[in-house]
Structures are given as structure tokens and as C-alpha cells.
Amino acid sequence: MSKIAFPSKAVFMCNGSKCGKHKEVKKYIKQLNKENDKEEKIEIFKMECSNRCKGAPIMFYQPENIWLEKADVDSYKNLIEKQ
């Protein structure tokens, strides 16, 4: 039986009508994953609408349990630099 690999870092991105339009952070994380090919990757998950549309786009970062509103590339960079 093979073992299932679970990510140690993950980003959950709201994919509701307002949040789903913002693709910059997702593109940035994919770029980071390509550049850091041998290092640990950050897995990206889409989540259903989180009903926090006023703060769009919404992002949830694990394992630190950090929610970001109005998530953009700069706020994501600041988050991962602190880790």
C-alpha cells in the first residue's frame, strides 16, 4: 500500500465570484513552486465562497492558521517572509 503525501504548507483561496477574479497570488505561488523545484512546495486549494466578499480576495494559510483579506502578492510575500 502506498503512502499518501500531505503538504506541510497549504493556501486555501476563496473561489467565489468576487475573490475568484483575483489570480495574481495563485500565479505567484505557482511561480515560487517552479523556482523551488527541489524544496517543499506550497499546495493550493480552491474553497467555495467564504461569504467574506467585502474583504475579497480571501486567503487562508496553513499550518499557521492565518486568514488574509484583500490578499495580494505583497501581503503574501510578507506572510511567508515571517515564517
Side-chain angles (χ1 to χ4, degrees):
M1 183 183 290
S2 64
K3 291 186 178 181
I4 297 173
F6 293 102
S8 61
K9 294 182 181 178
V11 170
F12 293 81
M13 304 184 85
C14 181
N15 200 35
S17 61
K18 288 191 179 183
C19 293
K21 294 187 253 183
H22 301 275
K23 309 265 188 231
E24 312 83 36
V25 177
K26 185 177 180 181
K27 287 179 185 176
Y28 177 73
I29 295 169
K30 285 183 174 186
Q31 176 187 341
L32 279 181
N33 283 340
K34 283 182 184 177
E35 291 172 3
N36 301 324
D37 191 40
K38 294 179 183 174
E39 295 180 28
E40 187 175 285
K41 297 194 182 306
I42 300 165
E43 197 154 341
I44 303 168
F45 295 93
K46 292 180 190 176
M47 63 179 169
E48 294 296 320
C49 181
S50 63
N51 292 320
R52 293 173 175 90
C53 299
K54 289 182 182 180
I58 299 294
M59 186 176 78
F60 180 57
Y61 183 72
Q62 283 290 61
E64 282 78 17
N65 294 323
I66 298 172
W67 285 89
L68 289 177
E69 63 178 343
K70 299 187 187 337
D72 60 8
V73 173
D74 289 333
S75 63
Y76 183 75
K77 282 181 185 179
N78 290 335
L79 175 68
I80 60 173
E81 285 173 3
K82 292 178 184 177
Q83 307 308 313

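These numbers come from the heavy atoms of this one structure, side chains and all, not from hydrogens, waters or symmetry mates.
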Are side-chain heavy atoms of Glu24 and Tyr76 found at a separation under 4.5 Å? no
With rounding to the nearest 0.5 angstrom, report the CD to NZ distance, Glu69 to Lys54. 11.5 Å
Could you tell me which non-hydrogen atom of Met59 sits nearest to which non-hydrogen atom of Ala71, and how far apart they are? CB-CB, 3.9 Å
I'd like to know if Trp67 and Leu79 are part of one continuous hydrophobic network [Ile/Leu/Val/Met/Phe/Trp/Tyr, side-chain heavy atoms within less than 4.5 Å]. no
Do Phe60 and Leu68 have side chains that get closer than 4.5 Å, going by heavy atoms? no
Would you call the rings of Phe45 and Phe12 parallel, tilted or perpendicular, where under 30° means parallel and over 60° means perpendicular? parallel
If you take all heavy atoms of Ile44 and Met13, which pair is closest and at what distance? CG2-SD, 4.0 Å
Find the distance between NZ (Lys77) and CG (Leu32) and round it off to the nearest 0.5 Å. 8.5 Å
Using a 3.5 Å distance criterion without hydrogens, assess whether the side chain of Lys41 forms a donor-acceptor pair with backbone atoms of Lys30. no
For Cys14 and Glu48, work out which heavy atoms get closest and say how close. SG-O, 3.9 Å
Following the transitive rule for hydrophobic clusters with a side-chain heavy-atom cut-off under 4.5 Å over Ile, Leu, Val, Met, Phe, Trp and Tyr, establish whether Val73 and Val11 coincide in one cluster. yes
Any donor-acceptor pair under 3.5 Å linking the side-chain atoms of Asp72 with those of Ser75? yes
Are the side chains of Ile58 and Met47 in contact, using a 4.5 Å heavy-atom criterion? yes
When rounded to the nearest 0.5 Å, the distance separating NZ of Lys9 from CG of Asn33 is 10.5 Å
